[in-house]
**Student:** 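Once you've had a glance at the structure underneath, I'll fire off some questions.
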Amino acid sequence: MPRAQSAFLNRKDVPARKDLQKAIDGLKFKVTLDDGYAPFKSQGYLPCTLDGEDAGFNIKFQDVAADAAPANLKSALAERDVEIAVKWSGDVREYIAAMAVCAALVNNFGAIVHDPDGDKVYASDEFLDKAREAAASI
């Protein structure tokens, strides 16, 4: 069963590949984004590697529909107007890659992450801890 979560951030803060990769590296995740990653242009499968092994996941950029968001998410969104939806399969490497990307967005670019399974909005330190826990699982 696929898993999913969304990162919400301001359009002006959506990073280019170089900046996002630098943020991932700075958090010490062994995830490498494909050179073809481009904000708003990359849609669907995003090739990545985790310590040299395939770890790609699906990505989708879209405008935020704040009026359609659940109440707990509406208040957290503030001015964030872009949603980056990520989805992965049951492969733990895909999960770690998706978590690393979202952790970098939270830590370096002011994103918040919404986990629809638990209907939870994650703050910076809490989400970073969750991503590091995932990476340590293999």
Side-chain angles (χ1 to χ4, degrees):
M1 173 195 291
R3 300 280 193 205
Q5 64 192 16
S6 294
F8 295 88
L9 63 163
N10 294 320
R11 183 173 298 277
K12 66 178 181 51
D13 296 328
V14 175
R17 188 219 175 269
K18 180 180 176 183
D19 294 329
L20 182 54
Q21 186 64 59
K22 183 177 178 181
I24 293 167
D25 294 344
L27 293 173
K28 307 292 187 219
F29 290 108
K30 296 179 181 182
V31 172
T32 303
L33 296 172
D34 185 74
D35 289 337
Y37 166 81
F40 304 103
K41 293 180 183 173
S42 295
Q43 299 287 345
Y45 185 74
L46 175 64
C48 297
T49 58
L50 171 64
D51 209 14
E53 294 185 32
D54 182 39
F57 58 91
N58 286 308
I59 190 167
K60 181 179 180 182
F61 291 83
Q62 53 200 21
D63 291 332
V64 169
D67 57 337
N72 68 327
L73 185 54
K74 266 186 215 182
S75 62
L77 285 177
E79 300 295 315
R80 293 172 182 90
D81 56 354
V82 171
E83 176 182 2
I84 303 173
V86 297
K87 186 186 278 187
W88 59 92
S89 72
D91 187 328
V92 69
R93 292 176 303 233
E94 293 176 17
Y95 172 62
I96 293 168
M99 292 293 286
V101 167
C102 288
L105 291 171
V106 167
N107 197 64
N108 294 78
F109 304 100
I112 61 169
V113 173
H114 178 250
D115 178 352
D117 287 340
D119 193 24
K120 181 161 174 85
V121 176
Y122 286 96
S124 180
D125 292 339
E126 185 180 15
F127 190 79
L128 186 54
D129 290 344
K130 183 176 168 131
R132 286 189 170 136
E133 183 180 305
S137 71
I138 60 168

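Nothing fancy with the numbering, it's 1 onward along the sequence.
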**Student:** Go through the steps to decide whether Asp13 and Leu105 satisfy the test side-chain contact (heavy atoms from CB on, under 4.5 Å), and finish with yes or no.
**Tutor:** CA-CA 9 Å; Asp13 296 328; Leu105 291 171; over 6 Å; no
**Student:** Is there a donor-acceptor pair closer than 3.5 Å between any side-chain N or O of Glu94 and the backbone N or O of Trp88?
**Tutor:**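 No; judged by distance alone, with no hydrogens or angles, the pair does not exist.
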**Student:** Rounded at 0.5 Å granularity, tell me how far CE in Met99 sits from CG in Leu50.
**Tutor:** 13.0 Å
**Student:** Can you find a pair of side-chain heavy atoms, one from Leu27 and one from Arg132, that are under 4.5 Å apart?
**Tutor:**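 Contact flag for Leu27/Arg132 side chains = yes.
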**Student:** If you apply the rule side-chain contact (heavy atoms from CB on, under 4.5 Å), what do you find for Phe8 with Val64, and how did you get there?
**Tutor:** CA-CA 8 Å; Phe8 295 88; Val64 169; 3.6 Å; yes
**Student:** For atom CG of Asp117, is the number of surrounding heavy atoms from other residues, nucleotides or ligands below 6.0 Å larger than 12?
**Tutor:** yes
**Student:** Ile112 versus Leu73: any side-chain heavy-atom pair under 4.5 Å?
**Tutor:** yes
**Student:** Between the side chain of Asp34 and the main-chain N/O of Cys48, is any donor-acceptor distance below 3.5 Å?
**Tutor:**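 Such a contact is absent between Asp34 side chain and Cys48 backbone.
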**Student:** Could you grab the distance from atom CD of Glu53 to atom CD1 of Ile138, nearest 0.5 Å is fine?
**Tutor:**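 Taking CD in Glu53 and CD1 in Ile138, the distance rounds to 7.5 Å.
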**Student:** Does Arg11 reach the side chain of Phe40, with side-chain heavy atoms less than 4.5 Å apart?
**Tutor:** yes
**Student:** Using every non-hydrogen atom in the two residues, find where Phe29 and Ala103 come nearest and quote the distance to one decimal.
**Tutor:** CE1-CB, 4.1 Å
**Student:** Would one find more than 12 heavy atoms of other residues, nucleotides or ligands at under 6.0 Å from atom NZ of Lys130?
**Tutor:** yes
**Student:** Please confirm whether the backbone N or O of Val31 pairs with a side-chain atom of Gln21, one donor and one acceptor, at under 3.5 Å?
**Tutor:**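 Judged by distance alone, yes, a pair lies under 3.5 Å.
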**Student:** Provide the closest heavy-atom pair for Pro39 versus Phe61 in the form atom of the first, atom of the second, distance.
**Tutor:**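 Scanning both residues, the minimum pair turns out to be CA-CZ, 3.7 Å.
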**Student:** Do you know which two heavy atoms are closest between Ala135 and Ile96, and how far apart they sit?
**Tutor:** CA-CD1, 3.9 Å
**Student:** Is the backbone N or O of Lys12 less than 3.5 Å from a side-chain atom of Asn10, with the two atoms forming a donor-acceptor pair by type?
**Tutor:** no
**Student:** Can you name the nearest heavy-atom pair linking Phe109 to Ala23, along with the distance?
**Tutor:** CE1-CB, 3.8 Å
**Student:** I'd like to know if the side chain of Arg80 reaches the main chain of Ala111, judged simply by a donor and an acceptor atom lying under 3.5 Å from each other, with no hydrogens or angles considered.
**Tutor:**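 No, Arg80 side chain to Ala111 backbone: no donor-acceptor pair under 3.5 Å.
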**Student:** Would you say that Ile24 contacts Val101 through its side chain, given a criterion of any heavy-atom pair below 4.5 Å between the two side chains?
**Tutor:**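 Side chain of Ile24 against side chain of Val101, heavy atoms only: contact under 4.5 Å found.
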**Student:** Please tell me if the side chains of Cys102 and Ile84 come closer than 4.5 Å, counting only heavy atoms from C-beta onward.
**Tutor:**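 No, side chains not in contact.
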**Student:** In the structure I gave you, are the side-chain heavy atoms of Glu83 and Leu9 within less than 4.5 Å of one another anywhere?
**Tutor:**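 They are not in contact (no side-chain heavy atoms under 4.5 Å apart), so the answer is no.
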**Student:** Check Ala97 against Ala55 and note the closest heavy-atom contact, atom names and distance.
**Tutor:**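 Shortest heavy-atom separation between Ala97 and Ala55 comes out as CB-O, 3.2 Å.
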**Student:** Decide yes or no for Ser124 and Asn107: does some side-chain heavy atom of the first lie under 4.5 Å from some side-chain heavy atom of the second?
**Tutor:**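 Sidechains of Asn107 and Ser124: in contact.
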**Student:** Can you give me the closest heavy-atom contact between Asp115 and Gln5, atom names plus distance?
**Tutor:**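 Scanning both residues completely, I find the closest heavy atoms to be CA-CB, 4.4 Å.
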**Student:** Are any of the side-chain heavy atoms of Arg17 and Asp35 separated by less than 4.5 Å?
**Tutor:** yes
**Student:** Do other residues, nucleotides or ligands put more than 12 heavy atoms under 6.0 Å from Gln43 CD?
**Tutor:**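 Atom CD in Gln43 is packed in, count exceeds 12.
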